[in-house]
Amino acid sequence: MFENLSKSELTLYSILIFLFLENMVNLYLTRRQIYIYESSKNVPEELRDVMKKETFEKARLYGLDKANFEVFKLLVCDIGIATIELYSGFVALIWSRALDVTGKVGMNPGNEIHVSIVFLILINLIGTFKDMPFKIYGTFILEEKHGFNKQTPGFFVKDQIKSFLVGQVLSIPIVAAIVYIVQIGGDYFFIWLWAFVGIVSLVLITIYPVYIAPLFDKFRPLEDGELKTSIEQLAATLKFPLGKLFVVEGSKRSAHSNAYFTGLFGAKRIVLFDTLLLNKGLPDDSTLAEDEKGKGCENKEVLAVLAHELGHWKLGHIRKNIVIMQVQMFLIFMVFSQLFKYSPLYQAVGFSPNVQPILIGFLVIVMYVLAPYNTLINFAMTILSRRFEYQADDFANGLGYSKELGKALVKLHIDNLGFPVYDWMYSAWNHSHPTLLQRLERLKNGEKKDR
């Protein structure tokens with residue numbers, strides 16, 4: 001069947017076959033979860049004392065709508081549009097257009113770095129407009145329907161423009177540097193490339209919470225009081241180098257809640273979403289919608305959530321993930337160095353023989369050639385992440401927060417309309433965290449052992 005195909009055709013069909021199979025697996029797993037949404041009508045026995053039937057039904061319908069939307073996007077984007085783009089040589093067409101635009105704006109079309117920058121801007125613009133209908137539907141129809149969207153159209157448009165501009169400001173110099181390093185780095189350029197990208201990624205992790213995140217959301221210091229004192233005492237007990245405590249006004253964007261800490265070196269920040277705090281942690285004279293009153297966690301439950309997050313730090317999970325990321329990047333760049341001069345890769349996506357742009361080679365190799373490897377690694381990282389989550393729960397349990405953490409997990413699930421019942425295959429493949437019922441069972445068993 002394939003003996004008469006050229007190397008470029010064989011490469012293209014191999015890419016298409018794998019992408020189709022991967023998407024079919026995702027579609028199958030999502031359909032399994034949809035069946036769970038459609039057939040689960042009763043609150044699990046473990047949650048009957050804390051979750052109302054009405055809330056369970058709302059969560060079921062929310063999950064069902066999200067899953068159906070996921071299937072639609074999978075069929076339209078990941079299968080339909082992606083296949084058309086690969087068959088039509090879409091990337092090559094955009095590169096050709098980038099050559100024209102480069103000359104028209106006074107840049108040098110003979111300079112691959114200049115063309116790569118213009119290509120990046122064009123492909124990102126197209127991607128933004130391609131994704132926009134799905135973002136609008138997801139935000140203003142799906143999330144709005146279930147009471148989570150808090151964005152106005154004006155806020156949404158401004159947010160999208162800022163996201164695009166910040167993305168270009170960050171990515172353009174990085175892409176230019178990558179192309180330059182490949183051009184001058186010799187046979188072992190991948191070592192220099194790995195070092196450069198590794199340093200840049202660590203710098204971005206460091207500066208993001210201080211300079212970039214505030215461009216999108218308003219951060220304010222956590223007010224003095226019992227919660228702040230308790231968090232500082234918890235951090236001191238664990239010798240966590242706490243710098244500042246912030247509350248981010250995520251309620252202007254969404255009703256979903258979260259908490260995290262940032263910073264790799266020196267003092268670190270703890271950030272609480274205002275939606276995590278009881279009644280959003282707003283001043284006494286603030287007004288809340290009727291359906292928002294009473295949402296959020298009590299102080300002890302917030303401490304339990306932070307004990308879990310600090311467990312990740314204490315147990316070295318952040319450091320381990322960074323090491324794994326660096327090893328992954330090194331392997332990817334090494335494979336790239338061995339394959340980026342292979343002409344059929346470029347011809348498979350529509351380029352003429354002997355036309356081999358570095359940026360295109362990198363994208364094709366990372367997105368398509370390494371797709372099977374990436375899928376396996378992502379699954380392995382999902383397994384590792386779930387293990388880390390259990391360990392962080394155990395850490396919080398060891399600090400005496402087992403009951404409070406269990407209550408907080410239930411409240412966050414209820415406030416976020418998280419559905420507690422999942423198909424085991426879908427969850428194992430997609431969820432970086434164990435399910436609510438799995439975590440509650442683990443906490444319950446851990447609490448029994450401590451007695």
Side-chain angles (χ1 to χ4, degrees), residues 33 36 40 43-60 62-63 66 146 148 227 230-231 234 250 254-261 270-281 292 294-315 317 382 385-424 426-428 430-450:
Q33 181 58 31
I36 295 294
S40 299
V43 181
E45 184 176 349
E46 303 92 325
L47 299 176
R48 285 176 185 170
D49 293 336
V50 292
M51 178 178 275
K52 296 178 181 178
K53 174 73 173 178
E54 179 186 2
T55 303
F56 180 83
E57 181 65 11
K58 288 181 179 179
R60 187 184 73 83
Y62 179 46
K66 287 196 299 181
H146 295 279
F148 288 112
L227 179 59
S230 299
I231 292 174
L234 176 62
S254 170
H256 293 295
S257 53
N258 202 354
Y260 62 92
F261 71 86
I270 288 180
V271 179
L272 308 173
F273 278 57
D274 57 0
T275 46
L276 175 68
L277 307 180
L278 188 63
N279 287 339
K280 299 187 182 303
E292 293 173 344
K295 286 189 174 182
C297 295
E298 301 283 355
N299 286 352
K300 288 185 179 180
E301 294 160 356
V302 174
L303 283 175
V305 173
L306 289 178
H308 168 93
E309 295 301 327
L310 294 178
H312 286 303
W313 168 79
K314 193 71 173 180
L315 297 171
H317 295 163
T382 298
S385 175
R386 292 166 74 97
R387 179 180 176 84
F388 284 171
E389 292 302 321
Y390 277 135
Q391 290 176 353
D393 282 352
D394 291 343
F395 183 84
N397 177 51
L399 294 176
Y401 288 104
S402 179
K403 286 185 178 179
E404 289 80 6
L405 181 57
K407 290 179 181 178
L409 291 174
V410 171
K411 280 189 177 182
L412 291 175
H413 245 69
I414 291 174
D415 289 353
N416 291 308
L417 288 185
F419 195 65
V421 185
Y422 284 97
D423 173 75
W424 72 270
Y426 176 87
S427 180
N430 289 285
H431 290 165
S432 61
H433 288 53
T435 66
L436 172 64
L437 295 180
Q438 288 171 334
R439 294 178 72 178
L440 291 177
E441 180 66 22
R442 174 96 170 203
L443 286 169
K444 183 178 179 181
N445 291 336
E447 192 177 359
K448 288 180 179 179
K449 290 180 182 179
D450 293 339

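All values below were derived from every heavy atom in this structure, side-chain atoms included, with hydrogens, water molecules and symmetry-related copies excluded.
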Q. Please, which pairs that meet salt bridge (Lys or Arg N to Asp or Glu O under 4.0 Å) have at least one residue in residues 48-58, sequence neighbours excluded?
A.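 Pairs touching residues 48-58 that pass the test: Glu54-Lys58, Glu57-Arg60.
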Pick one: which of Asp394, Asp393, Asn397 meets side-chain hydrogen bond (donor to acceptor under 3.5 Å, both in side chains) with Arg442?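 For Arg442, the side-chain hydrogen bond (donor to acceptor under 3.5 Å, both in side chains) check succeeds only for Asp394.
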Within-4.5 Å side-chain heavy-atom neighbours: [X] and [Y]:
| X | Y | result |
| --- | --- | --- |
| Val305 | Leu272 | no |
| Glu389 | His308 | yes |
| Leu310 | Leu399 | no |

Which heavy-atom pair separates [X] from [Y] by the least distance, and what is that distance?
| X | Y | result |
| --- | --- | --- |
| Asp415 | Gly296 | OD2-N, 2.8 Å |
| Tyr401 | Ala307 | CD1-CB, 3.8 Å |
| Leu443 | Ser402 | O-OG, 3.4 Å |
| Leu315 | Phe395 | CD1-CB, 4.3 Å |
| Ala392 | His317 | N-CE1, 4.3 Å |
| Leu276 | Ala259 | CD2-CB, 3.6 Å |

query: Centroid-to-centroid, Phe419 to His413, below 6.0 Å?
result: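 No: the rings miss the under 6.0 Å criterion.
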- request: Step through the shown structure and confirm whether more than 12 heavy atoms of other residues, nucleotides or ligands are within 6.0 Å of NZ on Lys314.
  value: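 Correct, the count exceeds 12.
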Can you tell me how far OH of Tyr390 sits from CZ of Arg439, rounded to the nearest 0.5 angstrom?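 Going from the CZ atom of Arg439 to the OH atom of Tyr390 covers 9.0 Å.
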- Give, for atom SG of Cys297 and atom CG of Leu412, the distance between the pair rounded to the nearest 0.5 Å.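 Going from the SG atom of Cys297 to the CG atom of Leu412 covers 4.5 Å.
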Parallel, tilted or perpendicular: rings of Tyr426 and His431 (30°, 60°):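 Correct class here is perpendicular.
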### Query
What's the verdict on side-chain contact (heavy atoms from CB on, under 4.5 Å) for Glu441 and Leu437, showing C-alpha distance, side-chain angles and the deciding distance?
CA-CA 6 Å; Glu441 180 66 22; Leu437 295 180; over 6 Å; no
